[in-house]
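Okay, so here's the structure we're looking at.
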Amino acid sequence: MCYNNDTIFIIGDSKSSQKNPITIKFHQFFLGLVVDRTNGRIIDVECSATIQLTVRFVRSLFIGRFMDDPSIIDEIRLRYFGSSQRALIVAFNDALKKYNQVVAALST
């Protein structure tokens with residue numbers, strides 16, 4: 001997939017529980033987002049999961065939404081019951097913080 005010049009890549013990270021297969025494989029949980037910087041729409045998503053179904057489900061939670069949509073976290077809590085739920089929320093909040101910093105820097 002090609003991304004246009006208005007997109008940026010942001011990665012958020014967090015720790016998952018010590019016995020989580022994600023921690024064993026990757027040592028951390030990563031959430032990568034391709035975002036249209038002109039409007040904050042999430043174009044593409046990838047995460048450090050151990051099975052592809054998790055990646056596909058996480059993508060469905062984010063793609064087409066906007067970075068500043070507070071209901072994203074509510075939806076994660078209501079729909080994602082993997083052992084890395086908290087790590088996903090923390091990683092998204094980390095990515096949101098970085099996104100806001102990047103957008104602020106690009107607008108000056």
Please give me the minimum heavy-atom distance between [X] and [Y], naming the atom from each residue.
{"X": "C47", "Y": "V55", "result": "O-CG2, 3.8 Å"}
{"X": "I76", "Y": "L61", "result": "CG1-CD1, 4.2 Å"}
{"X": "V102", "Y": "I10", "result": "CG2-CD1, 4.0 Å"}
{"X": "Q28", "Y": "D13", "result": "NE2-OD2, 2.9 Å"}
{"X": "I72", "Y": "R65", "result": "N-NH2, 3.5 Å"}

Just so I know, are the side chains of [X] and [Y] near enough to count as touching, which here means a heavy-atom distance under 4.5 Å?
{"X": "T7", "Y": "N4", "value": "yes"}
{"X": "I11", "Y": "L31", "value": "no"}
{"X": "I42", "Y": "D69", "value": "no"}
{"X": "M67", "Y": "F62", "value": "no"}
{"X": "I89", "Y": "R77", "value": "yes"}

Is there a side chain to side chain contact (heavy atoms under 4.5 Å, CB included) between S14 and R86 once you walk through the steps?
CA-CA 9 Å; S14 66; R86 181 165 160 38; over 6 Å; no
Would you find a donor on one side and an acceptor on the other, under 3.5 Å apart, between the side chain of [X] and the backbone of [Y]?
{"X": "E46", "Y": "G32", "value": "no"}
{"X": "S48", "Y": "F30", "value": "yes"}
{"X": "K98", "Y": "G12", "value": "no"}

Would you please test D44 and I63 for side chain to side chain contact (heavy atoms under 4.5 Å, CB included) and show each step? CA-CA 6 Å; D44 205 356; I63 292 179; 4.0 Å; yes
For residues F29 and I73: do they belong to one hydrophobic cluster (side chain heavy atoms under 4.5 Å, members Ile, Leu, Val, Met, Phe, Trp, Tyr)?
yes
Distance from [X] atom [atom1] to [Y] atom [atom2], nearest 0.5 Å?
{"X": "N93", "Y": "L88", "atom1": "CG", "atom2": "CG", "result": "9.5 Å"}
{"X": "L33", "Y": "R59", "atom1": "CG", "atom2": "CZ", "result": "10.5 Å"}
{"X": "E75", "Y": "Y80", "atom1": "CD", "atom2": "OH", "result": "14.0 Å"}
{"X": "Y99", "Y": "F92", "atom1": "OH", "atom2": "CZ", "result": "10.0 Å"}

- Query: With a 4.0 Å cut-off, would you call R41 and D6 a salt bridge?
  - Reply: no
